[in-house]
Each structure stands twice: as C-alpha cells, then as structure tokens.
Amino acid sequence: MKWGVVVFPGSNCDHDCYWVLKHIFNQEVEYIWHKQSYVEGYDCIVLPGGFSYGDYLRTGAIARFSKVMFGIEKFVSRGGIILGICNGFQILLEAGFLPGAMLRNKNLNFICKYVTIRVENDKTPFTNVTSQDRVLNIPIAHIEGNYYADKTTIEELKKNNQVVFRYSTPEGRCADEANPNGSIDNIAGICNREGNILGMMPHPERCCEKRLGTEDGRVIFESILRWLKNGN
C-alpha cells in the first residue's frame with residue numbers, strides 16, 4: 001500500500017501521520033507538497049491536522065484552493081480513500097467534499113485533551129475492524145471543532161448512515177456533558193455518501209502506541225489497510 005500525507009504551510013501533524021504509517025504500520029508513505037497537483041499512485045491520502053495558511057479567514061478556507069486539492073478531487077472521483085484529521089476535516093468541509101461547516105468551540109477556547117467517541121457506523125473503510133457502539137479513547141486539539149449543519153443536512157447524514165463518530169461518555173452515552181465543543185448532535189466525524197472520504201476532529205495518529213496512553217487510534221488505520229487489502 002502507498003500512502004500520501006499532504007503538507008500545507010502550517011500543517012503540524014504531518015510528521016505524526018508519517019511516523020505512524022511508516023514506523024507503526026510499516027507502510028510506504030510520501031509527503032505531498034500542497035503545490036503538487038498530480039497525486040496519482042496512492043492508495044490513501046491523509047489531510048493532517050494543523051493550521052494551514054495560519055487558518056486566516058476561516059480554518060481551511062485558503063487551503064481548499066491549493067493546487068493539490070484539484071488532484072485530490074480527481075483522486076476522490078475514482079474512489080480514492082481520503083482521511084481528513086482535524087484541520088484536514090475543516091479543509092474537506094471548505095472544499096465541499098463533506099457537508100456542513102465548522103464553528104468555534106462553544107467555550108471559545110482551544111481544547112486539547114482526551115475524549116471518548118462512539119462508533120456509529122462500522123461498515124466504512126475507516127471503521128470495519130471495530131464494531132458499532134464501541135467507545136474509543138482518543139485526543140482532540142482544536143479551537144474550531146464545533147460541527148454544524150442545518151436540519152435537512154443532518155437528517156440526510158442520518159438517513160445515509162454518514163455519521164461515523166459521536167462524542168460520548170466512556171459508557172457510550174451521547175450526552176451534553178460528553179460534547180467538548182458543542183458539535184450538533186455530538187458529531188465527531190462524518191463520511192461522504194459514497195463512504196470513501198472521512199473527516200474527523202479527534203487525532204487517531206496521536207494514539208497508536210501504548211506509551212501515548214491508548215492505542216485506540218489504530219482502529220482507523222487498520223480498517224483502511226484491511227479495506228484496501230480486500231479490494232473493497
């Protein structure tokens with residue numbers, strides 16, 4: 001399998017993603033510079049977390065116009081797998097690959113801590129090694145992670161089973177006290193209707209080794225690997 005990790009000016013989790021793919025999962029992986037419009041030959045492309053272009057205007061609002069996004073659009077149209085983490089999720093929203101928008105956290109503060117999220121859909125390329133309702137312990141780090149979409153869009157997401165993760169208590173209860181940023185319906189991650197694009201605010205690349213306190217992030221990468229291996 002060959003992976004690509006996109007690097008925008010301001011990306012700061014690109015090296016974390018590269019480390020996990022190269023040294024934890026022994027995968028072939030390359031950085032993809034944001035000015036590169038040709039992105040063929042990859043099995044999966046990761047849009048990592050960070051502060052692309054300093055997050056000026058809005059998070060991801062400038063990155064969406066990078067040359068690499070034109071290549072990614074072609075990659076996606078052919079069914080390529082895209083994983084957007086935190087700032088990567090925000091870029092996917094701005095680019096229109098996923099529906100909705102990202103608002104400032106409800107307390108207007110940057111939040112960096114471990115949270116728990118519940119798997120809502122275990123049939124995606126990103127969750128197929130786990131089971132529905134499993135709770136993952138995983139870190140977040142953002143100031144704009146308050147996912148919002150209008151009522152019609154939320155109903156469409158539910159109808160098409162596009163909500164992949166929700167913030168929950170450790171027992172799996174999706175309650176207000178388990179929602180760290182005010183996201184509508186406790187949404188922490190969604191996929192497109194075709195299922196080949198995932199955007200999620202939590203950082204799976206930061207919890208793939210025991211020394212980091214939890215290995216729950218492995219679920220996302222192991223699922224993608226199995227999905228690609230099985231030729232789905």
Side-chain angles (χ1 to χ4, degrees), residues 3-22 29-40 42 44-77 80-105 108-113 126 138-149 164-165 180-183 187-192 196-207 217 220-221 224:
W3 299 65
V5 178
V6 179
V7 181
F8 298 98
S11 295
N12 63 12
C13 299
D14 42 353
H15 286 267
D16 299 332
C17 292
Y18 184 96
W19 170 271
V20 166
L21 293 167
K22 181 76 172 180
V29 55
E30 294 177 348
Y31 291 116
I32 303 173
W33 187 232
H34 68 107
K35 290 185 177 180
Q36 180 179 331
S37 59
Y38 184 78
V39 295
E40 298 304 313
Y42 299 101
C44 179
I45 293 177
V46 181
L47 302 185
F51 303 91
S52 57
Y53 296 90
D55 277 349
Y56 290 113
L57 299 180
R58 294 185 309 276
T59 52
I62 301 177
R64 65 156 295 187
F65 293 108
S66 293
K67 281 187 177 180
V68 72
M69 297 304 293
F70 295 100
I72 286 176
E73 185 175 3
K74 294 178 182 176
F75 180 78
V76 167
S77 67
I81 303 296
I82 297 285
L83 170 61
I85 302 169
C86 197
N87 192 222
F89 185 9
Q90 295 159 344
I91 294 169
L92 291 172
L93 293 172
E94 287 288 338
F97 288 113
L98 294 172
M102 206 62 76
L103 308 177
R104 288 238 162 179
N105 298 338
L108 303 181
N109 293 324
F110 184 86
I111 302 172
C112 182
K113 66 177 184 178
F126 313 93
I138 193 166
I140 58 171
H142 57 250
I143 193 170
E144 294 189 16
N146 181 355
Y147 178 76
Y148 175 80
V164 182
F165 301 113
N181 49 35
S183 290
I187 289 174
I190 60 172
C191 65
N192 60 336
N196 60 316
I197 304 174
L198 173 71
M200 62 185 297
M201 288 313 294
H203 285 264
E205 79 282 10
R206 295 186 182 181
C207 54
I220 284 75
F221 297 104
I224 297 171

Review point. Atom CD1 in I62, atom CG in D55: separation rounded to 0.5 Å?
Key: 8.5 Å
Check your understanding: Of the non-hydrogen atoms in I32 and G4, which two are nearest, and what is the gap between them?
Key -> CD1-CA, 3.7 Å
**Study point:** Least distance between heavy atoms, C86 atom then A141 atom
**Key:** SG-O, 3.5 Å
Exercise for review: Return each pair, listed once, that meets side-chain hydrogen bond (donor to acceptor under 3.5 Å, both in side chains) where at least one residue sits in residues 59-73; pairs must be two or more places apart or across chains.
Suggested key: Y53-S66, T59-E144
Practice item. Check whether more than 12 heavy atoms from other residues, nucleotides or ligands sit under 6.0 Å from atom OH of Y56, and answer yes or no. Key: no
**Study point:** Between CZ on residue F89 and CG on residue L47, distance to nearest 0.5 Å
**Key:** 12.0 Å
Practice item. Starting at CE of M102, measure out to NE2 of H142 and round the result to the nearest 0.5 Å. Key: 8.0 Å
Point to revise | W33 and V68: CA distance, side-chain angles, deciding distance, side chain to side chain contact (heavy atoms under 4.5 Å, CB included) verdict | key: CA-CA 8 Å; W33 187 232; V68 72; over 6 Å; no
Review point. Quick one: does Q90's side chain get under 4.5 Å of M201's, heavy atoms only?
Key: yes
Please table the atom pairs, donor to acceptor, closer than 3.5 Å between any side-chain atom in residues 6-19 and protein atoms at least two apart or in another chain.
| unit_1 | atom_1 | unit_2 | atom_2 | d |
| --- | --- | --- | --- | --- |
| S11 | OG | F8 | N | 2.9 |
| S11 | OG | F8 | O | 3.2 |
| H15 | ND1 | Y31 | OH | 3.0 |
| W19 | NE1 | E209 | OE2 | 3.2 |

Review point. Just how far is it from atom CD1 of I143 to atom CD1 of I111, taken to the nearest 0.5 Å?
Key: 9.0 Å
**Study point:** Minimum side-chain heavy-atom gap P180-K113 below 4.5 Å
**Key:** yes
Revision key, fill the gap. For P99 and L93 the tightest heavy-atom approach is O-CD2, 3.2 Å
Review point. Is any side-chain heavy atom of F126 closer than 4.5 Å to a side-chain heavy atom of V164?
Key: no
Review point. So V20 and F221, side chain to side chain contact (heavy atoms under 4.5 Å, CB included) or not? Walk me through it.
Key: CA-CA 9 Å; V20 166; F221 297 104; 4.1 Å; yes
Review point. Okay, side chain of N196, backbone of I82: is any donor-acceptor separation there less than 3.5 Å?
Key: no
Exercise for review: Please collect all salt bridge (Lys or Arg N to Asp or Glu O under 4.0 Å) contacts where either partner lies in residues 89-100, sequence neighbours excluded, each pair once.
Suggested key: R58-E94
Point to revise | Donor-acceptor contact present, side-chain N192 to main-chain L98, <3.5 Å | key: no
Check your understanding: Measuring from I220:CD1 to I138:CD1, what's the distance to the nearest 0.5 Å?
Key -> 5.0 Å
Practice item. Please report the closest heavy-atom contact between Q36 and V39, naming both atoms and the distance. Key: O-CG1, 4.4 Å
Review point. So which heavy atom on I91 is nearest to which on A63, and how close?
Key: CD1-CB, 3.6 Å
Exercise for review: Say whether, by atom type as modelled, one donor and one acceptor occur between the side chain of S183 and the main chain of G145 under 3.5 angstrom.
Suggested key: yes
Point to revise | I140 side, atom CD1; I85 side, atom CD1 - distance, nearest 0.5 Å | key: 14.5 Å
Check your understanding: How close do F110 and F51 get, heavy atom to heavy atom, and via which atoms?
Key -> CE1-CZ, 4.3 Å
